[in-house]
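A short write-up of the structure that comes next.
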Amino acid sequence: MEIKIGVQYAARELVVETDESLESVEKLVADAVAAGGVLTLRDRKGKHIIVPAEKIAYVEIGGGTLGTVGFRS
């Protein structure tokens, strides 16, 4: 699952590939924003990404395109 996180005052968005389900990511984001805490995600390589919830501009959750090589049509 590919997750793009826009952070306020940052020129680029964070892109995270995770094995979490859509529902799990939605719950993590909603809980972090509601509590005013931090959003913590773990990527496929085991790294932790921590973003202060108050600095999140947007979160885009998508399926991603894994395993593609070359041009897509």
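Everything quoted here is computed from the prediction, not taken from an experiment.
In terms of heavy-atom proximity, L28 sits nearest to T40 at CD1-O, 4.1 Å. The two residues M1 and R44 make their nearest non-hydrogen contact at N-NH2, 2.9 Å. For the residue pair G36 and A53, the shortest heavy atom distance occurs at C-CB, 4.4 Å.
E17 CD to E2 CD: the interatomic distance, rounded to the nearest 0.5 Å, is 5.0 Å. Of the inter-residue distances, the one linking I49 atom CD1 with L14 atom CG reads 8.0 Å to the nearest 0.5 angstrom.
Residues meeting the salt bridge (Lys or Arg N to Asp or Glu O under 4.0 Å) test with K27, sequence neighbours left out: D31.
Through direct or relayed side-chain contacts under 4.5 Å between Ile, Leu, Val, Met, Phe, Trp and Tyr, I50 connects to V38.
Grouping the Ile, Leu, Val, Met, Phe, Trp and Tyr side chains by contacts below 4.5 angstrom, directly or via other members, places V33 with I5. L22 and V15 fall into different hydrophobic clusters, where Ile, Leu, Val, Met, Phe, Trp and Tyr side chains are chained together by heavy-atom contacts under 4.5 Å.
Each of I3, T18, V29 was evaluated against L41; a single residue qualifies, I3, per the side chain to side chain contact (heavy atoms under 4.5 Å, CB included) test.
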